[in-house]
Amino acid sequence: MVRLQLKGTILRAGLMSKTCTVRVPKLRYHPIAGKEYTRHKNYLVHDPEEKGKVGDLVVIEHCRPMSRRKHFKLETILQSATQWV
């Protein structure tokens with residue numbers, strides 16, 4: 001069985017134990033105007049090693065429920081965030 005995988009950016013990390021918040025954008029088309037627009041959804045993601053940093057581009061995968069709102073786990077980090085000096 002193929003599990004749902006989504007790509008997004010980490011918004012919050014380190015505030016909750018083994019958890020980070022990931023924003024996943026979705027591209028939609030307006031039925032009348034015919035233009036593209038973007039919608040976002042935030043997911044709580046299980047990060048057991050706490051590898052994720054704010055701004056990282058990550059892939060998350062659906063898994064069994066870890067808590068009431070947390071049902072995704074961190075699969076891979078595609079691109080690390082750049083540090084602003």
Side-chain angles (χ1 to χ4, degrees):
M1 182 169 135
V2 178
R3 292 181 181 231
L4 177 65
Q5 289 189 339
L6 302 171
K7 191 187 301 184
T9 308
I10 296 181
L11 288 181
R12 293 184 205 122
L15 300 176
M16 298 173 277
S17 174
K18 299 182 181 180
T19 305
C20 59
T21 304
V22 176
R23 171 173 274 191
V24 176
K26 292 182 182 180
L27 191 64
R28 302 286 180 169
Y29 293 96
H30 193 278
I32 297 172
K35 294 183 178 182
E36 298 177 348
Y37 62 97
T38 306
R39 293 286 182 203
H40 302 279
K41 184 163 182 180
N42 295 342
Y43 293 98
L44 291 183
V45 177
H46 184 62
D47 184 11
E49 291 126 22
E50 298 187 2
K51 297 185 293 186
K53 305 281 189 288
V54 176
D56 288 353
L57 185 65
V58 296
V59 173
I60 58 175
E61 182 179 72
H62 193 266
C63 65
R64 67 177 181 84
M66 301 287 176
S67 66
R68 181 177 160 212
R69 293 182 53 212
K70 189 163 65 168
H71 53 271
F72 280 90
K73 65 179 180 179
L74 185 65
E75 186 65 27
T76 56
I77 297 175
L78 298 176
Q79 182 180 6
S80 294
T82 57
Q83 296 294 328
W84 296 96
V85 178

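Any value given below was found using the heavy atoms of this structure, including those in side chains, with hydrogens, waters and symmetry copies removed.
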**OP:** Hey, could you give me the NZ/OG1 distance between Lys26 and Thr38, rounded to the nearest 0.5 Å?
**Re:** 12.5 Å

Original post:
Does anything in residues 11-20 pair up under salt bridge (charged side-chain N to carboxylate O under 4.0 Å, His left out), and if so which pairs, sequence neighbours excluded?
Top reply: none

**OP:** Report whether Ile77 and Leu6 are members of the same hydrophobic cluster (ILVMFWY, side-chain heavy atoms less than 4.5 Å apart, transitive linking).
**Re:** yes

Original post:
Is the backbone of Cys20 close enough, under 3.5 Å, to the side chain of Asp47 for a donor and an acceptor to pair up by distance?
Top reply: no

Original post:
Between Leu57 and Val45, is there a shared hydrophobic cluster once you connect ILVMFWY residues whose side-chain heavy atoms come closer than 4.5 Å?
Top reply: no

Original post:
In the single-linkage hydrophobic clustering (I, L, V, M, F, W, Y; side-chain heavy atoms under 4.5 Å), do Tyr43 and Leu4 co-cluster?
Top reply: yes

Validation: residues 60-71 side-chain donor-acceptor distances under 3.5 Å, sequence neighbours left out:
{"unit_1": "Glu61", "atom_1": "OE2", "unit_2": "Gln5", "atom_2": "NE2", "d": "3.1"}
{"unit_1": "Ser67", "atom_1": "OG", "unit_2": "Lys70", "atom_2": "N", "d": "3.4"}
{"unit_1": "Lys70", "atom_1": "NZ", "unit_2": "Thr19", "atom_2": "OG1", "d": "2.8"}
{"unit_1": "Lys70", "atom_1": "NZ", "unit_2": "His46", "atom_2": "ND1", "d": "3.4"}

Original post:
Is there a side-chain contact between Val22 and Val58 (heavy atoms, below 4.5 Å)?
Top reply: yes

**OP:** Starting at CD of Glu75, measure out to NZ of Lys7 and round the result to the nearest 0.5 Å.
**Re:** 13.5 Å

Original post:
So, do Tyr37 and His30 sit near enough that their side-chain heavy atoms are less than 4.5 Å apart?
Top reply: yes

**OP:** State, with a plain yes or no, whether a side-chain heavy atom of Asn42 is found less than 4.5 Å away from one of Leu11.
**Re:** yes

Subject >> Non-neighbouring partners of His40 that pass ring pair (Phe, Tyr, Trp, His ring centres under 6.0 Å), sequence neighbours left out >> reply: none

